[in-house]
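Structure, as structure tokens:
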Protein chains: 2
Amino acid sequence: MARPSKKDQRRAEILAAFETCVARYGVEGATLERVAEEAGLARALIRHNVGNRDDVLSAFVETFLNRSTHEVDEMISELPDTKQIDTLIDWLFDPAYSDPKVVVIYEALTTAAANDADLAKKLRKWAREFVAAINALLAKNHPRAKTKDLDAVAAGLTGIYFNVESMTLLGRMSDLREASKAAAIRLVQTLKT
Amino acid sequence: MARPSKKDQRRAEILAAFETCVARYGVEGATLERVAEEAGLARALIRHNVGNRDDVLSAFVETFLNRSTHEVDEMISELPDTKQIDTLIDWLFDPAYSDPKVVVIYEALTTAAANDADLAKKLRKWAREFVAAINALLAKNHPRAKTKDLDAVAAGLTGIYFNVESMTLLGRMSDLREASKAAAIRLVQTLKT
DNA sequence: TTATTTATTGTCAATAATGATAATATTAGA
DNA sequence: TCTAATATTATCATTATTGACAATAAATAA
């Protein structure tokens, strides 16, 4: 016997608007004013539905990292049965699959993490999970490779990939993307002895 | 017949304080108030010596990237005559040589570049120069390697290195640093056929 | 000493961001 | 229709940031 709650919907709208603002202005620049404007809501509704600025930030980080993890898992699960690593590299370095918005948000969060131990911990966990997923995939496709070698290649592959995504933000870097992809292929080939 | 100008000195103090603030609060968070506080100067002196906020930012980017380029050149020139690449990798992945302040500033600038075409251009130029320097060094040490292979390894090595520096900001990543170094060594070894 | 140039300080107005709370409007069920 | 829960709007105080300019202090050369 009451008016139906829109909190879930409003919360999603607010976090989506916050995401857009972080991508556009950075974490510090994502003010509640801008978020409200972007969401088409009164600022007081942010408080009503999510909370104060700290609440909004941590709620956003939570959903953003969960979504990223989920997307990575999904990508890996969609790999074909053969030539998994080749396909993985194709996908990782295909500019069509690169989402600049996600990249700039990840960059912005990393920057902010320099002064936010809690945020740093969450990002660390996320990054470790990514490397671990790549590592597991490499191990599956190179069952005879040593653990140390798998660790190195997984870390290297991740590094090359993350860096390419980061540099993509600067624009006009397609040649570097190509060269990085070639490096990734070379690196993986070192597992075939 | 006038009071001697301190503009050069003050300007340097202000840009150094701006650097500290960017590292601590990000580009958006480096307010002139904080910069003045950090520099121990009245805010009006920033205006007097450098200009408005945009002037301060572009002056800072200018000096920061120039200094970085210079430091890279210097590092390369200090490499021994033998085992240059091995030494390079030792230096690049030595945590003692990693300056978190520089890294977080580079991250912050990259984030800001997503909405600042001029800044993006400057960062692009800087990154390209870095890759080119690595490339030249590799070519010198592997004179029989093909250009394409050198391009790939230079891009990959740069990517692994930049990514490690970036992740260092998150703390507690020494294992990833070790694995990344091993990956860098593997990648370079692919040039020896 | 004086004139001139510069450094330094002080003050003001305008704008923006946040937190908080009161007041009003809306909707579903009793 | 009435009630209760919720959404939405309105408003206020506080603080932070910037830009601008006036006023004062300091230092050097003539």
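Keep in mind that the numbers below use all heavy atoms, side chains included, and drop hydrogens, waters and symmetry copies. Order of the sequence lines sets the chain letters (A, B, ...), proteins ahead of strands, with each chain counted from 1.
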| said: How would you summarise protein contacts on nucleotides 19-26 of chain D per nucleotide, using B for base, S for sugar-phosphate only and - for none, with heavy-atom distances below 4.0 Å? | reply: BB----BB
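Side-chain contact between B:Met75 and B:Leu79: absent, with no pair of heavy atoms (C-beta onward) separated by less than 4.5 Å.
Judged by the 6.0 Å and 45° rule, A:Arg177 forms no cation-pi pair with A:Phe93.
Applying the ring pair (Phe, Tyr, Trp, His ring centres under 6.0 Å) rule to pairs touching residues 29-73 of chain B yields B:Phe18-B:Phe60, B:Phe60-B:Phe64, sequence neighbours excluded.
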Show me the donor-acceptor pairs, under 3.5 Å and distance only, between side chains in residues 143-155 of chain B and residues at least two apart or in other chains.
unit_1: B:Asp149; atom_1: OD1; unit_2: A:Arg186; atom_2: NH2; d: 2.7
unit_1: B:Asp149; atom_1: OD2; unit_2: A:Arg186; atom_2: NH2; d: 3.0
unit_1: B:Asp151; atom_1: OD1; unit_2: B:Asn135; atom_2: ND2; d: 2.8

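The separation between B:Glu37 atom CD and D:dT17 atom C1' is 15 Å, rounded to whole Å. Rounded to a whole Å, the CZ atom of B:Arg11 is 13 Å from the P atom of C:dA7. Regarding A:Leu41, its CG atom lies at a distance of 10 Å from the C1' atom of D:dT8, rounded to whole Å. Taking atom CG of A:Asn49 as the reference point, atom P of D:dA7 lies 6 Å away to the nearest angstrom. A:Glu28 places its CD atom 14 Å from the P atom of D:dA16, with the value rounded to the nearest Å. Atom C1' of nucleotide D:dA7 and atom CD1 of A:Ile46 are separated by 15 Å, given to the nearest angstrom. In this structure, B:Leu45 places its CG atom 15 Å from P of C:dT11, rounding to the nearest Å. Look at CD on B:Glu33: it is 6 Å from P on D:dT17, rounded to the nearest Å.
Dashed line: the shortest gap from a side-chain N or O of A:Ser5 to OP1 or OP2 of D:dA7 is under 4.0 Å. Proximity of B:Arg10 to the phosphate of C:dT6: no side-chain N or O atom is located under 4.0 Å from OP1 or OP2. Under 4.0 angstrom from either OP1 or OP2 of C:dT8 there lies at least one side-chain N or O belonging to B:Lys6. Within the structure, a side-chain polar atom (N or O) of B:Thr31 is placed less than 4.0 Å from OP1 or OP2 of D:dT17.
For B:Arg24 and B:Glu38, the salt-bridge test passes: some basic side-chain N is under 4.0 Å from an acidic carboxylate O.
Using modelled atom types and a 3.5 Å distance limit, the side chains of B:Thr20 and B:Lys101 yield a donor-acceptor pair.
Residues B:Leu123 and B:Ala113 approach most closely at CD1-CB, 3.8 Å, considering heavy atoms.
Listed candidates were C:dA7, D:dT8, D:dT9. Nearest to the side chain of B:Lys7 is C:dA7.
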